[in-house]
S.K.: 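Please see the structure below; I have some questions.
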Amino acid sequence: MKILHINNYTKRGGAETVFNLTRKNPAATKNYSGYIKTEHNGEKPDIQFFSWENNNKLIGSINYIFSYKNYKALYKFLLNNEIDAVHLQVFYSPISPSILLALKRIKKKKPIKIIETLHGYHLICPNVSLFNYSKSRICEKCIGKKIKLYILKDNCDGRGYIYSLLKGIRNLISLNIIGHKKIVDHFIAPSEFLKNKLIEDGVEEKKTIVLRNPVTSLSGPIGREKENIICYFGRFSREKNLEFLVKAFLKWKSLTKTDFKLLLIGDGEEKDTIKSIIKDKATNNDIILRDFMSYDDLMKEVTPAKFFALTSKCYENFPVSIAEAISLNIIPIVPSLGGMRESVAIYFKVGGIYEAEDYDSWISTINYLVKNYEKEIKKILNIKKNLFNELSPATYLNRVCTLYKN
């Protein structure tokens, strides 16, 4: 078989990890790759796509919605090469939905299967996140709507109306003019939560498959004793709601006089906000901030932690960080939202869930976990063997290969 894999980049985040794994799939006879080449990547793609971010504002805005250059590059490649399947990862920005038109046209000429792994909510939300950044809250207004234009009314992007306008036009062209949902044969959703949202929006259930993203770096605990530490690692962005975590932790400390420390590792635009909150607090020595670090260093740094806290106020999909924490015998505590709740309550069945944005609920949940720490650790030890097998790259590749062949 000949498979073409498409993603924005090769190095950036979770989508790139999945992309790099699937495009090296040994079971396929030949793998091709299409992505945007950067100075940090010495490889040469089979299709070199281009980013609107390198253009001036006017041309960039047009290419953000529809890049004729990227459309032409993909169509020409598919016309000149015999490809059995195209596997899409993240392409909505900066490659743009223009490549969907190339796929639509080529499918009329050749029997090519199109598979898309969804890493976000762009298929059902023009703002791609089911989150209104202007109002800083979850938004599902466009789910089930044939034409999704609430982003124009509510300015969901939050950075300025022009961004919301461009996203609204892009979504209209992708879904209503090109026909995104009809072009793709199978959508891979990393969670049941996302699959159900797709069905709610009108995607046929037979076209959706739940296949959780692989965790390529799962490892057992590094030989260090556990300490009274709650940790978070990831982006310091608004939707991650770290301000809530810090304030909930400080309130808990004031009520219980516990000796726990809070360890926050990462970088982002909200880091200065966090620093300002803890600056004048009497307990500021109990909150430790660390900059972004390599994966190996990160795992060593968080290994002593007893708990891993997510406080996102948006719908996370399938947070790989939860699996990484569990692999180090760190118990997760998450809000009752989206894929976070699903991961803890249904999939892993370990850890605690609290009502989102509710300080008392968070405190009650962490108190329960501290009291029942040994019981939760036993749960982790019981699931870890299956965890390593279910989320391994080998298992993921086998399932993807079956999808290709079918």
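The model shown is predicted, which means the values in this text are computed figures rather than measured ones. When reading the values below, keep in mind they use all heavy atoms of this one structure, side chains included, and skip hydrogens, waters and symmetry mates.
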S.K.: Identify whether the distance between the nearest side-chain nitrogen and carboxylate oxygen of R399 and E390 falls below 4.0 Å.
M.R.: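 So R399 pairs with E390 through a salt bridge.
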S.K.: Enumerate the salt bridge (charged side-chain N to carboxylate O under 4.0 Å, His left out) contacts for residues 307-321, please, sequence neighbours excluded, ordered by first and then second residue.
M.R.: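 Qualifying pairs, neighbours excluded: K240-E316.
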S.K.: If you compare all heavy atoms of K104 against all heavy atoms of I183, which two are closest, and at what distance to 0.1 Å?
M.R.: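 It is CB-CD1, 3.7 Å.
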S.K.: Check K247 with E243, please: is the shortest side-chain N to carboxylate O separation under 4.0 Å?
M.R.: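 Counted as a salt bridge, because a side-chain N and a carboxylate O are separated by less than 4.0 Å.
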S.K.: Starting from the C-alpha separation in whole Å, work towards a yes-or-no answer on side-chain contact (heavy atoms from CB on, under 4.5 Å) for F318 and L391.
M.R.: CA-CA 12 Å; F318 177 67; L391 299 178; 4.1 Å; yes
S.K.: Tell me which one of I47, D46, V86 satisfies side-chain contact (heavy atoms from CB on, under 4.5 Å) with Y32.
M.R.: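 With Y32 as partner, I47, D46, V86 yield a single side-chain contact (heavy atoms from CB on, under 4.5 Å), made by D46.
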S.K.: Test side-chain contact (heavy atoms from CB on, under 4.5 Å) on T311 and E357; report intermediate values, then the result.
M.R.: CA-CA 8 Å; T311 50; E357 307 262 33; over 6 Å; no
S.K.: So does R23 pair up with E43, basic N to acidic O under 4.0 Å?
M.R.: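 Looking at R23 and E43, the cut-off is met.
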S.K.: Is any side-chain heavy atom of L289 closer than 4.5 Å to one of F236?
M.R.: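 Yes, side chains in contact.
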S.K.: Using the test side-chain contact (heavy atoms from CB on, under 4.5 Å), find all partners of V320 that sit at least two apart in sequence or belong to another chain.
M.R.: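 Once residues adjacent in sequence are excluded, the partners of V320 under the side-chain contact (heavy atoms from CB on, under 4.5 Å) criterion are V215, E324.
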S.K.: Check whether the side chains of N8 and Q89 place a donor and an acceptor atom closer than 3.5 Å, and report yes or no.
M.R.: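 Their side chains do not contain a donor-acceptor pair, so the 3.5 Å distance test is not met.
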S.K.: Which heavy atom of P214 sits nearest a heavy atom of L21, and at what distance?
M.R.: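 Heavy-atom minimum between the residues: CG-CD2, 3.5 Å.
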S.K.: Residues in side-chain contact (heavy atoms from CB on, under 4.5 Å) with Y163, at least two apart?
M.R.: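 Partners of Y163 under the side-chain contact (heavy atoms from CB on, under 4.5 Å) test: D157, R159.
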S.K.: Within a radius of less than 6.0 Å around OH of Y161, do more than 12 heavy atoms belonging to other residues, nucleotides or ligands occur?
M.R.: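 Above 12, so yes.
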S.K.: Can you tell me if H119 and N317 form a side-chain donor-acceptor pair at under 3.5 Å?
M.R.: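 Short answer, no.
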S.K.: Counting only heavy atoms not in E355, do more than 12 sit closer than 6.0 Å to its CD atom?
M.R.: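 12 or below, so no.
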S.K.: Are S96 and S98 close enough that a side-chain donor and a side-chain acceptor fall under 3.5 Å?
M.R.: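 Judged by distance alone, the side chains do pair up.
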S.K.: Check the side chains of S392 and T395 for a donor-acceptor pair under 3.5 angstrom, ignoring hydrogens and angles.
M.R.: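 Per modelled atom types, T395 and S392 side chains form a pair under 3.5 Å.
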S.K.: Working to the nearest 0.5 Å, report the span between CZ of F131 and OH of Y121.
M.R.: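 If I round to the nearest 0.5 Å, the distance is 12.5 Å.
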S.K.: Restricting to ring pair (Phe, Tyr, Trp, His ring centres under 6.0 Å), what partner residues turn up for F233, sequence neighbours left out?
M.R.: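 Ring pair (Phe, Tyr, Trp, His ring centres under 6.0 Å) list for F233, sorted by chain: F308.
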S.K.: Please check if any side-chain donor atom of Y404 sits under 3.5 Å from a side-chain acceptor atom of H87, or the reverse.
M.R.: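 Indeed, the side chains of Y404 and H87 share at least one donor-acceptor pair under 3.5 Å.
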S.K.: Name all residues meeting the side chain to side chain donor-acceptor pair (under 3.5 Å) criterion together with T22; count only those two or more places apart in sequence or in a different chain, and write none if there are none.
M.R.: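 Side chain to side chain donor-acceptor pair (under 3.5 Å) list for T22, sorted by chain: empty.
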S.K.: If only side-chain N and O atoms count, and only distance matters, is there a donor-acceptor pair under 3.5 Å linking Y75 with R105?
M.R.: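 Looking only at side-chain atoms, Y75 and R105 do form a donor-acceptor pair, the distance falling under 3.5 Å.
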S.K.: Within this structure, what is the CG-CD1 distance for the pair L387 and I380, rounded to the nearest 0.5 Å?
M.R.: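 Spacing of CG (L387) from CD1 (I380) equals 9.5 Å.
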S.K.: Report the residues that fulfil salt bridge (charged side-chain N to carboxylate O under 4.0 Å, His left out) with E270, sequence neighbours left out, ordered by chain and then residue number.
M.R.: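 E270 satisfies salt bridge (charged side-chain N to carboxylate O under 4.0 Å, His left out) with no residue once adjacent residues are dropped.
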S.K.: Output, in order, the C-alpha distance, side-chain angles, deciding distance and verdict of salt bridge (Lys or Arg N to Asp or Glu O under 4.0 Å) for E376 and K349.
M.R.: CA-CA 10 Å; E376 295 297 314; K349 297 181 180 178; over 6 Å; no
S.K.: Who are the salt bridge (charged side-chain N to carboxylate O under 4.0 Å, His left out) partners of D291, not counting sequence neighbours?
M.R.: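 Residues passing salt bridge (charged side-chain N to carboxylate O under 4.0 Å, His left out) with D291: K271.
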S.K.: Check for a donor-acceptor pair, side chain of S61 on one end and backbone N or O of I59 on the other, with a separation under 3.5 Å.
M.R.: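 No; zero donor-acceptor contacts below 3.5 Å.
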S.K.: Are the side chain of K113 and the backbone N or O of L403 linked by a donor-acceptor pair below 3.5 Å?
M.R.: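 Yes; at least one donor-acceptor contact below 3.5 Å.
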S.K.: Between Y315 and F193 (judged by ring centroids, cut-off 6.0 Å), do the two rings come close enough to count as a pair?
M.R.: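 Y315 vs F193: aromatic centres under 6.0 Å.
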S.K.: Show the nearest heavy-atom pair for residues P332 and I326, with the distance to one decimal.
M.R.: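 In this case the closest contact between P332 and I326 is CD-CG1, 4.1 Å.
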S.K.: Which pairs, with at least one residue in residues 67-86 and sequence neighbours excluded, count as a salt bridge (charged side-chain N to carboxylate O under 4.0 Å, His left out)?
M.R.: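 Passing the test, one end in residues 67-86: E82-K110.
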S.K.: Compare all side-chain heavy atoms of N389 with those of K385 and state whether any distance is below 4.5 angstrom.
M.R.: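 A side-chain contact exists here, since the closest heavy-atom pair is under 4.5 Å.
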S.K.: Quick one: which residue pairs count as a side chain to side chain donor-acceptor pair (under 3.5 Å) with a foot in residues 143-153, not counting sequence neighbours?
M.R.: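 Qualifying pairs: K148-D201.
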S.K.: Ignoring hydrogens and angles, tell me if any N or O in the side chain of N7 forms a donor-acceptor pair with the backbone of V90 under 3.5 Å.
M.R.: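 Answer holds: yes.
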S.K.: Shortest non-hydrogen contact from A345 to I353?
M.R.: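 Smallest interatomic distance, heavy atoms only, reads CB-CD1, 3.3 Å.
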S.K.: About how many Å separate CD1 of I99 and CD1 of I6, when rounded to the nearest 0.5 Å?
M.R.: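 Going from the CD1 atom of I6 to the CD1 atom of I99 covers 4.5 Å.
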S.K.: Do K195 and E205 come close enough that some side-chain heavy atom pair is under 4.5 Å?
M.R.: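 Counting from C-beta outward, K195 and E205 do come under 4.5 Å.
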S.K.: Is the closest side-chain heavy-atom distance between Y71 and L103 below 4.5 Å?
M.R.: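 Y71 vs L103: side chains apart.
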S.K.: R170: what forms a side-chain contact (heavy atoms from CB on, under 4.5 Å) with it, not counting sequence neighbours?
M.R.: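 Applying side-chain contact (heavy atoms from CB on, under 4.5 Å) to R170 gives Y64, I65, Y92, S93, P97, V128, K167.
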S.K.: Just checking, any donor-acceptor pair under 3.5 angstrom between side chains of N20 and K11?
M.R.: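 K11 and N20 do not have a side-chain donor-acceptor pair below 3.5 Å.
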S.K.: Does a donor on one side chain sit under 3.5 Å from an acceptor on the other, for S174 and N171?
M.R.: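 No - no donor-acceptor pair under 3.5 Å links their side chains.
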S.K.: Is there a side-chain contact between L88 and L100, using heavy atoms and a 4.5 Å cut-off?
M.R.: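 They are in side-chain contact.
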S.K.: Please identify each residue that fulfils side chain to side chain donor-acceptor pair (under 3.5 Å) with N132, with sequence neighbours left out.
M.R.: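 In terms of side chain to side chain donor-acceptor pair (under 3.5 Å), with neighbours along the sequence ignored, N132 is linked to no residue.
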S.K.: Would K306 count as a cation-pi partner of Y373, with NZ or CZ less than 6.0 Å from the six-membered ring centre and within 45° of the ring normal?
M.R.: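 The answer is yes, since K306 meets both limits relative to Y373.
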S.K.: Do the side chains of I230 and W252 get nearer than 4.5 Å, heavy atoms only?
M.R.: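 Sidechains of I230 and W252: in contact.
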S.K.: Under 6.0 Å between ring centres: does that hold for F249 and W362?
M.R.: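 No, too far apart.
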S.K.: Starting from the C-alpha separation in whole Å, work towards a yes-or-no answer on ring-ring contact (aromatic ring centres under 6.0 Å, His included) for Y359 and F244.
M.R.: CA-CA 8 Å; Y359 293 104; F244 171 87; 4.6 Å; yes
S.K.: A side-chain contact here means heavy atoms from C-beta on lying under 4.5 Å apart; do F77 and I83 qualify?
M.R.: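 With C-beta onward as the side chain, the pair touches.
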S.K.: Any side-chain to backbone donor/acceptor pair from K226 onto A305? Under 3.5 Å, distance only.
M.R.: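 Yes; judged by distance alone, with no hydrogens or angles, the pair exists.
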S.K.: Side-chain donor-acceptor pair under 3.5 Å between D358 and S361, yes or no?
M.R.: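 Result is no, nothing qualifies.
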S.K.: Tell me every residue that passes side-chain contact (heavy atoms from CB on, under 4.5 Å) with L255, counting only those two or more places apart in sequence or in another chain.
M.R.: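 By the side-chain contact (heavy atoms from CB on, under 4.5 Å) rule, L255 matches K251, I363.
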S.K.: Please answer whether the main-chain N or O of A394 pairs with a side-chain N or O of N398 as donor and acceptor at a distance below 3.5 Å.
M.R.: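 Checked: pair present.
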S.K.: Indicate yes or no: at least one non-hydrogen side-chain atom of L263 is less than 4.5 angstrom from one of E301.
M.R.: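 They are in side-chain contact.
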S.K.: Does a salt bridge link K107 with D185, judged by any charged N lying under 4.0 Å from a carboxylate O?
M.R.: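 Between D185 and K107 there is a salt bridge, with a charged N closer than 4.0 Å to a carboxylate O.
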S.K.: Sub-3.5 Å donor-acceptor pair from the side chain of E342 to the main-chain atoms of E192, do we have one?
M.R.: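 Such a contact is found between E342 side chain and E192 backbone.
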